[in-house]
Amino acid sequence: MNCTYHIQNQVSLICTAPHKCQCQRKLCAECQYQHKVDFKYTIPIKIFREMAIKKLSESLLDQTSELTKQRMYFKQVLSQTEGMMKKIWEEFAESIKLIYDLIEQKNKSYFDLLKENQNLSESSYSDLEKLVQIVEGKTLNDWTVQQNSYLIELDKAKRWWYQEVMTFIEKQNEGMKKNLSLIKINPYPKEGQVYQRKEDLYEILAGIQDIDGSIFNMIIEIMRKEKISDLLEFLSKTDNLKFHQSKINNQDKIFDITNNLRNIQDHHFSKNDYSQEIQQEERQALTNRIAQNRGIIEFLKFLVHLTAFDSKFIQSGSNALNLLVGMKVDLSSQCFENIRIKNTSLIGANLVRCNLSGSEFDNVEISGVNLNGAVLLNCKWKKIKINELNKLDGHTGAVWSVCISPDGKIVASGSYDKSIRLWDIKTGQQKAKLVGHTGTVWSVCISPDGNTLASGSQDNSIRLWDFKTGQQKGQLNGHTSTVLSLCFSPDGTTLASSSGDNSIRLWDMKTGQQIAKLEGHYSTVYSVSFSPDGTTLASGGWDSSIRLWDVKTGQQKAKLDGHISIVYSVSFSPDGTTLASSGWDCSIRLWDMKTGEQIAKIDGHTREVLSICFSPDGTLLASCSDDNSIRLWDFKTRKFKTELEGHTSWIQSVCFSPDGNQLASGSNDNSIRLWDVQTEKQKAEIDSHNNWSVFYSPDGTIIASSSYDKSIRLWNVRTGMEIQPFDNRYLDILAQFKQPLLQKNSLPNVKTHINTLLISQTTIFQAQAALILKGEFFNQSSIDLRSFFKQKGGFILDDQLEVLQ
């Protein structure tokens, strides 16, 4: 290489003098003379290279054995620690379990002793001695003292364990901070910028509030153009950022964004569904602090857009959208193309005129969302929740009874309006209206074979209907007052009925004749239920009692007392071992069918419990009440599981579908609702394309859309995908559209005047003039929602394509 300063000379020496070398440490013979440094600091190039190689060899930097050895040792220590921690936890958990099991077994032994000695005259001396000790109180007093001492020690153990764990975590976090302080995690080679871990979500968001929203837009634009799917990896590469310095000319701000994105990713905000009730208090506290913070709101919008590119931010972006909706941030007329939202609620979101094309929604509640004028091309929405779908409207009076057919396809309802209606569960459409009763229809019941519907009415009659044709095929007369409850026997040969005339009657379904009249209640009998084996009939009435009847003999087998007022409903568990009852005293009670003893009392409703029903697998018990709520209970634990909200008045009846996946309810608000039991709401626009006018090409294969942002887009009708300007066909396709695209909307029946905001006490889903093409829209029951969108005023472009073809 020739010398920079003496082009005719070769560089032959390296300067090693302890100074800032003006010759860049590369010297020719002439430079050496002019440089005027001691000769010992000038070393020939070849010799300097040999010296460097020797020095590196002596340092053993190329020897990785020791490094590997230490790495393996550290890994072994961590593995051993994990094993020891797991063993300690398992042993501690087992010791705690043994103590609790001991307490439970001891308590149970006292009850078992009494159950095993029903006939005390035949009891052994030892058992009687134990019972005497119990009655005198000494045994129970001693055990209570001992049990309390166990519980005190358990509480101490719990607090000790918690303190030890928290101390360990604190020390571990300190160790991690020390380790991380050794490493400079920094997208730029700039001193002092290290990833700072934060736990508080508000603190994380506040750290980015001063960043100009335009930087977020630029990042999204870069990700879109360069097809970046891992933003943090991209930001960590210095070359990438230097390449875009001309666009994002603020390294410190980019570091702040990177730091906050790392914190977001590590926070449970990226893992948990923030719309759940368990997060309500934390979510409310957060929104109160950030609702007026424009910078944080812009960052939350950025997270929503980020879901379209980086899958690591899908949950945090979904939670961000939930927060934006909850704070009533204006999201109308914005572009949300290709966003991916999951496990959240968008209840009441105002997404009017938004472009949601290519979006993917998974397990998202959109009840009350305003999609008026929205563009929904090629979307993939699944497990969508919409409360409005649960509601079957048609009755003009209170719905007193509901029953789901054995095949799970039809729900029947009886009403104050004297009619019976049959509804298609999949579509929510009314299939038939059965008219004949001259008074309120209090009860409906479908035979096990699905061929007959029985109805009981205020007109004192029972009517039998052909379930397939809807024609009346019989009438059973005998009751002298309102027929309040009906129940088919499991084999379908017998129908039981109860009435305000204080009686229960059994009917032969082959002959239509009364075969028995069961008398014992001294007032109105509100409910009857057959046991799964068909041998026992349970009844509940105004006299506060539950009575068990032998179906074969018609004789009363037992009387169960416990409720302090009217018993409105009785229901057997699927295995027949338990009877559930509910009543005016706001309670649900469980009874052991072998002993007739009450085994549990479940409280929770604040008004009378009007109806109860077991799920087919016996794991859930549903109840409805005058307090306007439906509650699901875990039958095994007797614990409250969830509440189904939606009805606006008291609920009279609940019924599970045969597969247990759906629950039907009938209410005084005149509606029937179906519930999915297995699932339990701008500174600058990014690539916006709003206020659409839409046109088909002459052959119907292409749609052109225009906007007030002066852009035109072309879409392939069959695929729902946009045709890009760099496509060779683009100009030829565009030339097909002869009429001015900004003058009028050529799609028929699409309303141009839409509600941009609906003010209502209840959420109402809207999709007026929404444009839908291709894609998938399914709810939790795999029902296609496009027909529902169409009912709400949406326009299915696929239908228009069929017309054009």
Side-chain angles (χ1 to χ4, degrees), residues 73-117 126-127 129-131 133-179 199 266-268 271-273 276-279 281-282 575 577-578 590 592 597-604 617-621 632-642 680:
Y73 175 72
F74 194 76
K75 186 176 181 181
Q76 184 180 5
V77 169
L78 289 176
S79 178
Q80 290 175 348
T81 303
E82 181 183 8
M84 288 188 291
M85 291 295 292
K86 184 178 180 182
K87 184 179 180 181
I88 292 170
W89 179 85
E90 289 176 346
E91 291 177 352
F92 183 74
E94 181 62 24
S95 66
I96 296 298
K97 180 179 180 297
L98 288 173
I99 298 173
Y100 278 116
D101 288 347
L102 171 65
I103 294 173
E104 289 180 356
Q105 289 170 9
K106 189 73 172 178
N107 289 336
K108 185 173 181 295
S109 70
Y110 291 119
F111 288 101
D112 289 344
L113 180 64
L114 188 60
K115 288 180 181 178
E116 292 166 2
N117 291 274
S126 60
D127 283 352
E129 186 66 28
K130 292 176 184 177
L131 289 171
Q133 295 296 324
I134 289 174
V135 171
E136 290 181 351
K138 185 177 185 307
T139 298
L140 291 182
N141 290 340
D142 291 346
W143 168 238
T144 299
V145 172
Q146 188 177 1
Q147 180 177 250
N148 287 339
S149 69
Y150 288 156
L151 294 174
I152 290 171
E153 291 303 317
L154 285 171
D155 187 63
K156 288 180 180 177
K158 178 183 69 175
R159 284 186 275 114
W160 170 83
W161 178 262
Y162 178 78
Q163 186 61 44
E164 289 298 315
V165 170
M166 293 306 294
T167 301
F168 173 78
I169 291 173
E170 186 177 345
K171 290 182 178 179
Q172 188 262 352
N173 285 338
E174 289 177 0
M176 282 185 61
K177 288 178 180 178
K178 288 180 180 178
N179 291 337
E199 299 294 338
D266 293 339
H267 196 274
H268 57 73
K271 301 172 181 64
N272 300 339
D273 175 3
Q276 291 185 336
E277 187 174 350
I278 193 173
Q279 301 285 353
E281 187 175 339
E282 182 178 350
D575 62 6
T577 62
T578 305
L590 303 179
D592 187 311
E597 296 296 321
Q598 179 179 310
I599 55 177
K601 178 174 177 281
I602 301 173
D603 294 312
D617 63 4
T619 60
L620 293 177
L621 180 66
L632 298 182
W633 310 86
D634 186 305
F635 176 61
K636 186 176 181 180
T637 65
R638 321 290 199 240
K639 300 295 185 182
F640 171 72
K641 190 175 179 67
T642 191
E680 293 234 37

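What you see is a predicted model, and the numbers here were worked out from it, not measured in a lab. Side-chain atoms are counted along with the backbone in the values below, which use heavy atoms only and exclude waters and symmetry mates.
- Atom CD of Gln80 has more than 12 heavy atoms from other residues, nucleotides or ligands within 6.0 Å.
- Distance alone, capped at 3.5 Å, places no donor-acceptor pair between the Ser79 side chain and the Gln76 backbone.
- Lys156 has a carboxylate O that lies under 4.0 Å from a charged side-chain N of Glu153, or vice versa, which qualifies the two as a salt bridge.
- Phe111 is not listed as a side-chain neighbour of Lys108, based on a closest heavy-atom distance of 4.5 Å or more.
- Among all heavy-atom pairs drawn from Ile99 and Tyr150, the shortest one is CG2-CB, 4.4 Å.
- Atom CZ of residue Phe640 and atom CD1 of residue Ile602 lie 12.0 Å apart, to the nearest 0.5 angstrom.
- Thr619 approaches Asp617 most closely through the heavy-atom pair OG1-OD1, 2.8 Å.
- The structure places OG1 of Thr578 at 10.0 Å from CG of Leu621, a figure rounded to the nearest 0.5 Å.
- By the 6.0 Å contact criterion, NZ on Lys271 is enclosed, its count of non-hydrogen atoms from other residues, nucleotides or ligands being greater than 12.
- Crowding of Glu90 atom CD: a count of heavy atoms from other residues, nucleotides or ligands under 6.0 Å exceeding 12.
- Smallest separation of non-hydrogen atoms from Gln147 and Ile103: OE1-CG2, 3.0 Å.
- Here the closest non-hydrogen pair linking Phe635 and Leu590 is CE1-CD1, 3.8 Å.
- Between the CG atom in Asp112 and the CD atom in Gln105 there is a gap of 10.5 Å [rounded to 0.5 Å].
- The distance from atom CD of Glu104 to atom NZ of Lys97, rounded to the nearest 0.5 Å, is 9.0 Å.
- Heavy atoms only, all atoms of each residue included: Asp603 and Trp633 are closest at O-CH2, 3.5 Å.
- To the nearest 0.5 Å, the span separating CG on Asp634 from NZ on Lys641 amounts to 6.0 Å.
- Here Asp273 contributes atom CG and His268 contributes atom NE2; the two are 12.5 Å apart, rounded to the nearest 0.5 Å.
- With a 4.5 Å cut-off on side-chain heavy atoms, Ile278 and Asn272 do not count as touching.
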